[in-house]
2 protein chains.
Amino acid sequence: MQRSQTAYLVLGMLSIEPNRSGYTIRKAVEGSVNYFWGESYGQIYPTLKRLAAQGLIVARASTSATRPRRQEYSLTPAGHACLEEWLAVPYRDDRPRNEFLLKLFFGREAAPSVSIRHLRDFQEKNRRLLATLVDLETLARKHNAGNPNLSFWMLTLTFGIAQTRSALEWSESALAILSGANNG
Amino acid sequence: MQRSQTAYLVLGMLSIEPNRSGYTIRKAVEGSVNYFWGESYGQIYPTLKRLAAQGLIVARASTSATRPRRQEYSLTPAGHACLEEWLAVPYRDDRPRNEFLLKLFFGREAAPSVSIRHLRDFQEKNRRLLATLVDLETLARKHNAGNPNLSFWMLTLTFGIAQTRSALEWSESALAILSGANNG
DNA sequence: ACACACATGTAATTGGTTACATGATTTC
DNA sequence: GAAATCATGTAACCAATTACATGTGTGT
């Protein structure tokens, strides 16, 4: 049976740590895979219900007295098997969509200042991203010593850092070229 | 009025070269922006009809005797204005989705050979992509000398090449780490 | 004769976003 | 008392993919 990518994200997140709710899954996404994988609540909550109906995860109310309305989920053996099955099949290439590059590609139709502004935005975003990722690297190492997932998390992190650094280097030379053509 | 991203891709492609059909737009995408922007016929054809109905492009049957059924479109002044307007607004960040990285992130749930296979696939794809982009760079320079779009196209190309090279470098070290952990 | 590239389109479905709706708890 | 965070969900909408359907022209 084919499932949405969101379903596997949820299964994977529950495999790392059981007893997570929709809310904490979203938070976990934000603090880990966010720079290469986005998810919204509107997708997570229905997916949790669907996976529970299919027997891949089980729900139970949280035991906390202070936050009683929280629904926590955990993987069933079937859920874990489903995750492993998915992991083993070749990854699919998600359709690329980079509006920044598209606007740059059509840059000649606008004033040079337009493309320069996009480039500065891009640079700013990537600087912030790099700072976030470097922080995350430090935190991840600190809080997950001995965690068997750590080496995999580090691989995705070093990928993100390398890509971001390369993007920043490129943006410097791109800005030099565009600024030169604009007023040099 | 907000339009789909596909609409702007179409307007942009027609701004570069008028008298293009759905088919040739798709081909142009394949030979230029494909590595950062995907489009399917199922999206392009309806978009052309919609844009024509809105007066942003005009259709006319191709004059070629050999291919009479081809519908060719060109920008109207309104269409060009619409493109410029879009170019001037800040680019939006498309939701990232990288299934390769997601499988790697959850790699600990599968046998090490699974992640190694994904990494090799990734490497192979990036090698092919790099070759394509480098070829494209040569071709673009050769066939577009003096084309005022060239510098913008080159910027997107050098970005793609830099990112791909960085991905390949990373994949080498990632494979070394995983292979070492697997059988070292 | 066959295969491939040219060429255009539609329909069903899915996947996902966004806005909306609600309310408890914690912190200042 | 207000604001922020915790927490869960639904409904409307839209963007896009995929499969389907059809037919011509060209080259081998």
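Excluded from the calculations below are hydrogen atoms, water molecules and symmetry mates; all remaining heavy atoms, backbone and side chain alike, are included. First the proteins, then the strands, lettered A, B, ... as listed; each starts at 1.
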List the atom of [X], the atom of [Y], and the distance in Å for their closest heavy-atom pair.
X        : Y        : value
A:Val89  : A:Glu85  : CG1-O, 3.2 Å
A:Gly38  : B:Arg95  : O-CD, 3.4 Å
B:Trp170 : A:Leu155 : NE1-O, 3.1 Å
A:Tyr73  : A:Ala59  : CE2-CB, 3.4 Å

Length of the [atom1]-[atom2] vector between [X] and [N], whole Å:
X       : N      : atom1 : atom2 : value
B:Leu48 : C:dT10 : CG    : P     : 11 Å
B:Tyr45 : D:dA21 : OH    : C1'   : 14 Å
A:Tyr41 : C:dA19 : OH    : P     : 16 Å
A:Lys49 : D:dG9  : NZ    : C1'   : 7 Å
A:Glu30 : D:dA7  : CD    : P     : 13 Å
A:Gln43 : D:dA16 : CD    : P     : 16 Å
B:Asp93 : C:dT18 : CG    : P     : 12 Å
A:Arg97 : C:dG16 : CZ    : P     : 14 Å

Look at [X] and [N] and indicate whether a side-chain polar atom (N or O) is within less than 4.0 Å of OP1 or OP2.
X       : N      : answer
A:Tyr23 : D:dT8  : no
B:Ser4  : D:dC14 : no
A:Ser40 : C:dT18 : no

**Request:** For B:Thr24 and for B:Gly42, locate the closest nucleotide of DNA chain C by heavy-atom distance; then report the residue assigned to the nucleotide nearer the 5' terminus.
**Result:** B:Thr24
